[in-house]
Amino acid sequence: MRTSLTAPAVRSRKVRDGREPLVMVTAYDAPGARMADEAGVDLILVGDSVAMVVLGYDDTLQVTVEDLAHHTGAVARGLATSDPDRSEKKPLVVADLPWMSYHTTPVDAIQNAASLIRAGAQAVKLEGGRKRLPMIEAIVDAEIPVMGHLGLTPQSVHAMGGFKVQGREHQAAMALVADAKALEAAGCFSIVLEGVPDEVARMVTDAVDVPTIGIGAGPGCDGQVLVFHDVLGIEDRILPKFVRRYADLKSASVAALAAYAADVRTGAFPAAEESYHLTAEVAETLGLYGRPDR
Ligand code: KIV
């Protein structure tokens, strides 16, 4: 049976120690998880970005623990049925703790993290720096691996005044380094750095012994993460500077659906070989003998 990459194994993946950069991609359902696995990624993030790229919301604040557990379960089931013959380990599944699921009490935070683990995740991710330390410590104490998330933290969209690059000024850059060290000391096994200048991401990466995983944070991190729908060009309305599209599945999908619609309208689909048929004997008893297309 194929085993998964583990949080302790991810924790040791510092590029400065000669390790390969970590590859993380989001996925929200079973086919997405199987594709990510077959592509050989190290980690799957069941991100709260599901709110924006799948559920049609304008921000990530609208999804709940139940929503994330629903998608985490689908990802876990997809991986359970993914190619058993591959020699590589399965990706580690990290589920996002959504907004307000870890902002009240440590007990709430542990219970919500446990819901995501029971749904099939092997670790949880949460946003924020030193303010979140009691929650991080509580979840880690409950034996649940925690991934931190610093910089542009989308759950703070209103507090930040929009989705804005963070850490551009001296004080803000130093605060990010201090936050990363605090997250590491609290037990985070890795830290996502989102929307920060390359130079600041390098400072943070140098300052901690856990791997940093960047998105819009330049090439100096210990790994990279992108959103599934961005990598594949399924989401084509916005193209942030940090996204590289490796396919144009939106155009390919629209063209395929339009071809299907045209074939239905002209009668070209379904063809005889795409239909079920009676035997000639049964057709004859029904008076259908000799009908065209039989
Ligand atoms: O929800 C998400 O997709 C994320 C990544 C952008 C890191 O948090």
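Just follow the structure's listing: the first ligand is 1, and inside any ligand the first atom is 1. Since the structure is predicted, the reported quantities are computational estimates derived from the model, not experimental observations.
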Would you kindly specify which portion of [X] sits under 4.0 Å from ligand 1, judged on non-hydrogen atoms: side chain, backbone, both or neither?
{"X": "D48", "value": "both"}
{"X": "L45", "value": "side chain"}
{"X": "V50", "value": "neither"}

Any side-chain heavy-atom pair from P145 and Q122 closer than 4.5 angstrom?
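No, too far: nothing below the 4.5 Å cut-off.
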
Taking NZ, NE, NH1 and NH2 as the nitrogens, is one of them in R244 or D230 under 4.0 Å from a carboxylate oxygen of the other?
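Here R244 does not pair with D230 in a salt bridge, since their nearest N and O are not under 4.0 Å apart.
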
Is D29 salt-bridged to R77, cutoff N-O under 4.0 Å?
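Here D29 does not pair with R77 in a salt bridge, since their nearest N and O are not under 4.0 Å apart.
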
By number and element, which atoms of ligand 1 are closer than 4.0 Å to a non-hydrogen atom of I215?
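Near I215, meaning under 4.0 Å from one of its heavy atoms, ligand 1 has 6 (C).
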
Give the atoms of ligand 1, by number and element, whose distance to some non-hydrogen atom of D96 is under 4.0 Å.
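With D96 as reference, the close atoms of ligand 1 come out as 1 (O), 2 (C), 8 (O).
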
Answer with yes or no whether M24 contacts ligand 1, where contact means a heavy atom under 4.0 Å from a ligand atom.
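Contact absent.
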
Return yes when K125 approaches ligand 1 closer than 4.0 angstrom through a heavy atom, no otherwise.
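Right, K125 reaches ligand 1.
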
Over 60° means perpendicular and under 30° means parallel, so classify the ring planes of F269 and Y260, tilted if in between.
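Ring orientation of Y260 relative to F269: perpendicular.
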
Kindly identify the option in G47, P154, S49 whose heavy atom sits closest to atom 3 (O) of ligand 1.
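Answer by nearest heavy atom: S49.
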
Rounded distance (nearest 0.5 Å) linking atom OG1 of T212 with atom CG of D222
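Output value for this atom pair is 4.0 Å.
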
Rounded distance (nearest 0.5 Å) linking atom NE2 of H158 with atom CG of D59:
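Spacing of NE2 (H158) from CG (D59) equals 5.0 Å.
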
T26 to ligand 1: N or O pair under 3.5 Å?
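In fact, backbone or side chain, T26 has no N or O that close.
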
Please write out which residues are connected to F163 in a hydrophobic cluster, directly or through intermediates, given that two of Ile, Leu, Val, Met, Phe, Trp, Tyr count as joined at side-chain heavy-atom separations below 4.5 angstrom.
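Joined to F163, directly or through intermediates: M52, L61, W99, M100, L152, V157, M160.
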
